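Everything quoted here is computed from the prediction, not taken from an experiment. Each chain gets a letter, A, B and so on, in the order the sequences are listed, and its residues count up from 1.
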2 protein chains.
Amino acid sequence: MNRMRRTFILVAMALSGSSLSSGAMAAPLLLSDTAARQIAGNSDLPLLFQKGLNDAKKRVATSEKTGIDVPAPKDPGGGYSHERHKVNGQIVYDAGYLYRLTGESHYRDHARDILLRYAAMYPSLPLHPERKNQSPGRLFWQALNESVWLVYAIQGYNEVRDDLTAAERKQIEDGVFRPMAEFLSTGSPEMFRKIHNHATWAAAGVGMTGYVLGDERYSDWAIDGLDGDGSSGFLAQLDQLFSPDGYYTEGPYYQRYALLPFVVFAQAIDANEPDRKIFERRDGIVAKAIAATVAMTYEGKFFPVNDAIKEKGVDTSELLYGAALGYRLTGDPVYPAIARIQGETVMTGEGLALAKAAQTNAAMPTPQSMLLRDGPQGDQGGMAILGMGKGALAQTIVAKDTGQGMGHGHFDKLSIMLYDNGHEILTDYGAARFLNVPSKQGGRYLPENDSFAQQTVAHNAPVVNEESHFAGDWKEGQKHWPTMRYTRFSDRLNAVSATIDDAYPDAVLTRTSLQFRPGAEAEPILLDVVEVDTDSAQPVDLPFWFNGQVTNLPKSLSIRTDGLTPLGVKNGYQHIWNLGDGALADGTGRLTWLTGGRFYSLHTLAPPASKLALIRAGANDPEFNLRPEMGAMVRTRGSGKTRILTVLEPHGRYDPAAETTVASEPRIADLKTVRLDGALVVQMTTKAGGTIQAVIADNPSETVRHDLRHGKLRLQWNGPVALFDGTGKRIDQPDG
Amino acid sequence: MNRMRRTFILVAMALSGSSLSSGAMAAPLLLSDTAARQIAGNSDLPLLFQKGLNDAKKRVATSEKTGIDVPAPKDPGGGYSHERHKVNGQIVYDAGYLYRLTGESHYRDHARDILLRYAAMYPSLPLHPERKNQSPGRLFWQALNESVWLVYAIQGYNEVRDDLTAAERKQIEDGVFRPMAEFLSTGSPEMFRKIHNHATWAAAGVGMTGYVLGDERYSDWAIDGLDGDGSSGFLAQLDQLFSPDGYYTEGPYYQRYALLPFVVFAQAIDANEPDRKIFERRDGIVAKAIAATVAMTYEGKFFPVNDAIKEKGVDTSELLYGAALGYRLTGDPVYPAIARIQGETVMTGEGLALAKAAQTNAAMPTPQSMLLRDGPQGDQGGMAILGMGKGALAQTIVAKDTGQGMGHGHFDKLSIMLYDNGHEILTDYGAARFLNVPSKQGGRYLPENDSFAQQTVAHNAPVVNEESHFAGDWKEGQKHWPTMRYTRFSDRLNAVSATIDDAYPDAVLTRTSLQFRPGAEAEPILLDVVEVDTDSAQPVDLPFWFNGQVTNLPKSLSIRTDGLTPLGVKNGYQHIWNLGDGALADGTGRLTWLTGGRFYSLHTLAPPASKLALIRAGANDPEFNLRPEMGAMVRTRGSGKTRILTVLEPHGRYDPAAETTVASEPRIADLKTVRLDGALVVQMTTKAGGTIQAVIADNPSETVRHDLRHGKLRLQWNGPVALFDGTGKRIDQPDG
């Protein structure tokens, strides 16, 4: 008796009557026999699990009610046939799992009937009429969508396969699964051989089809590559697409998308070929990739670097599998917390365990500071996450010092973001795109994605000569990356420093960002030092795009009241309105804004002849494709070493509902720097007269002892950064 | 034995030891003996009640820890001495109630010690150094703040008074309560005689002081006016400041503020002079005023008409008393729902009952359609609220056809707002003000409040000749108001129509707004008809300020890509950037935007030569005092009757997290009007080819039978408005 029949009989002994064939025994994919029995026999399923089950039931009920439609492929993304095929793939998946978990035969029949319709149509399908790129599909305009369809449908099919007739199985497998698996592998070799997430989706679909149909060719192609030598395929993708820290080169938005086929296929490999020890590969890279995905979030939303849709967060369906597997592999309490945000989970044993854990153990842990190195060997820059404070509302600074991240990468070397108190404060624009909105060019990336969102000036990154990094050529960018100088993480002082010498032909960019708090209860402050080293005199711009309403600006600024013009004519500048600008007296100035009931003061210390401009996105935007975001831009002209120092200080509280406002003025009153031998001293004087001195050593080695005189003080420390009070006492090491 | 001692002994029999004096028996204000005993003896207080109690305990603990500070009056609003005195008043209140409810003597001592400090300082205080307006205070820059202080402090004092020594009582009463009550009444006769909420605060403070000190002069002045003839004082305020429907002439933002002294003092009058039957006055005006305040909200936030801070909602502390008393007087289930949003309640018997109800009965009821008439006799226009749909996310349209509302009123006759799906869609700017932010002119109303926020063009209201209503003179506006032509409310069709002939010297403005749904499950649609009747040819503008990202705009618009200039030079136009404009082909055009995951299409049908402009607030705003809100403005030139017809249609869903977009295109494809004998027929044709016909009769009388031929159809109805389908079947009366 096969496993399917066992389960079936267990949960539905009195039903049946249908003509079950004994059939060939299918391979388990993500739902093990044990788990299926556990779930099917459980009348008290945890809430999150029940929610996932109920949602699937609703979707299938709707599909059963409206009837099956398998239209001829016709529309691009967002159009009817495209969306319908997506839904059908999902329904096969849902109905398959539900059949397994409830034993109700109408689920099996619905999945079967849909698949038979595809089997009748698929063999004769030419390439899709709306194909646009190099990897077209037949059912969909892109092969990618076809792979996704296969990943879902093959899972659903696997759960009903044992209980179909041999004729039905043959019809479905010969009609759709074999030809689709072959179309997506040997039929699309260029795509299938790529080291790219599109190929991972294909590998997962093709490989799982191999397990289900008992055709090892498919699973071998998928795992070891078409050529069988590991030069492509799933293992090569695992080895090359993730860094040793689990960072996916395109960034978190694509990582959560890419992750799903990795997670799903790894689980299927583990179930079918345990000897491959897939979860031990690269020191547990699958678990690390899941953990990295989750780490790159704030308040449940992904850091929107590169071509990201900002609304995307951990509640995305793609991460349901990831959270469930992450919890199985690590037991990390972050996953039950994530599951709570997700509100549901997958219909597997892992989902059940996660849902159980989420019932009692679901507080979001405090964000951890970490460096996620980029590059297969971890030597292509990285993303540093600096977290300080308590709970999910702690301050988080993100230093994006990664590699380019392919065609969806932005020209934002050394860009930073800052989150605080539950809000984005220093922002990243993300992508200029309205997903699936037909009137917005069918939901594609808009022209402004290229002309603005990807450009350097759209980021909190240094711009030299009003040009974008790598002259805006991502293929050139792909060859270079920042060097991580160091990261240091402690309770009161986090630091990251990176440098890149080839973003521009004649400029070395270095950025060092410190997150510190002068006391255990103080609010964290950002101290940011950007250095641009050029041979010839060139304009240097440093934008800080922020989210907030200005409450105070330097008096020297001349705000344009009766006419606005664009800041420039190219490289993104043409999309920026110059709201006004003015000289910074002695290179210093302070801008304060209000975000989510808290004030943020940006203190600037730049070279004497610098200017500050206030800017807003939206010029040359005839279709309103851009959001009207605001920024402040420090503008100077550098030759030799140009240093722009910034302190971003959160302070006070504005509660218009309670009518209370406190500390709307910043504490820091004065900012000075002094160059000592081998170190920069940044001296911040508070209104109350206290001083905080941050030292940044040129040589970051931990073994070098620094011992400097600064006025009457003697500053002694090891390593790249330290913090002292006005008496020379070290204050970043509470126990030191 | 006095009531205080009874309670005290009840809850703290074992404590004591302090030198309790028998003292004079105080009057109950808001906390009755019965309630105090109920609360003090209750070890299982409901959550919301416990929260209010705990918050008060925390505030007092902080005050006890940091010590008493009663600084010399020095700062204006937002400054230290101002805020400190506010806090001290609150602490006296908290400590007094806590003493009564816990019997812990340190609470009594803390209240007493604070009051003794005030008693020592107050008699010698001159007028406040920062006084600005006609009603200065001594402790505060405005008498208003002083009245508020008194309203709180006298309540706290009342709860400890019985247990102070006679000498302490004399010192406190002679030092602060008597001189303050007299300063705020006979010492500020002009202010005290006003029919204005500032005078209500004064009346409440002075009147309650009278009850506590047993001095009937004070309470009589407060209730019957300084002259004792009812020409001023609390009763005159109750009679004149609220309309018969409980609408307060300055609008909801001020109503929730004004409400507190009405509620508090009415409760105190009821407890001390029950023969006055204060809750029966004007057919229960106190209960109606509370109900109206709550009705003028969406998602818990007040409609931000007039000089409102938009963040204000029902969770404002001022409404805690209102919700508690409203529940006592009416038992309406809206109050427990409100209490849940508030998260706490007042430390009275009413608060206890409300908190108990909120434990089980707290779903927010569906908003009710209603007309709140304005004016003491209810004949000065009104605010119509049109609600349709289920739950708190139902669509709500607000027609602001009220009187001017005094100096904080805006020049927004016949303005409308629309809320849908939990979001503001057609917006009202509210006030240009950052409450208590020193860098924003000390938190005062900003110059742009006058030059923009109050002007007609800042509202969704018709503008003739680019001038504001009443030439922007509120005193002139105070003499006029719209005439409510009719309101009609039903399940599928709500309507409001109002007209005003003196907002401009040479123009009659009429607006009729219908909210309808073609079927019981359909989403409600706004159909809005603005008519401007002028003798001479004059420009007519109709702005629709909206909250959203444009996804589709008429092709005929020429969007300004490389330069923006203000729309005009005065009357608010100088603060508006013209983002671009263009002719509306045949006067028709459609703009679609996206808000909160839903699409909104604004269909326009205007005279043939009309234009549409897209606009953004922010020109001539050198300090960034304005929010950069966006709008669409229909611009035409009228002579005779100019009609601008607008349909606002919500549709579809945009969910970038789930990557699903449906129905991003509106259903309505074509809009036509036909004038028949005595009625306007608006014909809306859907993309699917169906038609909906709305008829708007010139004569709104319910008794007139209309029987018209329209093409092949015969349309028959009574009253001002009706809805028919393409076959002439009535569809706004499911049962008719």
- Counting heavy-atom pairs under 4.5 Å with chain B, the top scorer among T565(A), D621(A), V662(A), V437(A) is V437(A)

- Contact class of W577(A) relative to chain B, heavy atoms under 4.5 angstrom: side chain

- Item | Part of Y654(A) within contact of chain B (heavy atom distance under 4.5 Å) | side chain

- Task: Would you mind checking which part of I309(A) comes under 4.5 Å of any heavy atom in chain B, side chain (CB onward), backbone (N, CA, C, O), both or neither?
- Result: side chain

- Note on the structure: Applying a strict 4.5 Å limit to non-hydrogen atoms, the region of F302(A) in contact with chain B is neither

- Count the heavy-atom pairs under 4.5 Å between each of Q574(B), M630(B), K440(B) and chain A, then report the option with the highest count. K440(B)

- Note on the structure: Under 4.5 Å to a heavy atom of chain A? For I559(B) that would be side chain

- Query: With a 4.5 angstrom heavy-atom cut-off, which part of D655(A) approaches chain B: side chain, backbone, both or neither?
  - Reply: neither

- Message: Suppose we screen for salt bridge (Lys or Arg N to Asp or Glu O under 4.0 Å). Which residues come up paired with R433(B), at least two apart in sequence or across chains?
- Response: none

- Query: Is it the side chain or the backbone of D562(A) that comes within 4.5 Å of chain B heavy atoms, both, or neither?
  - Reply: both

- Query: Tell me, side chain or backbone of L626(A) under 4.5 Å from chain B's heavy atoms, or both, or neither?
  - Reply: backbone

- Task: Name the member of G618(A), P622(A), S664(A), G313(A) that forms the most heavy-atom pairs with chain B at distances under 4.5 Å.
- Result: P622(A)

- Message: Which one wins on heavy-atom pair count under 4.5 Å against chain B: S317(A), P628(A), G652(A)?
- Response: P628(A)

- Note on the structure: Cut-off 4.5 Å, heavy atoms of chain B, and the answer for K301(A) is neither

- With sequence neighbours left out, write down each residue that passes salt bridge (Lys or Arg N to Asp or Glu O under 4.0 Å) with K58(B), or none if nothing qualifies. none

- With a 4.5 angstrom heavy-atom cut-off, could you sort out which part of R627(A) is near chain B: side chain, backbone, both or neither? both

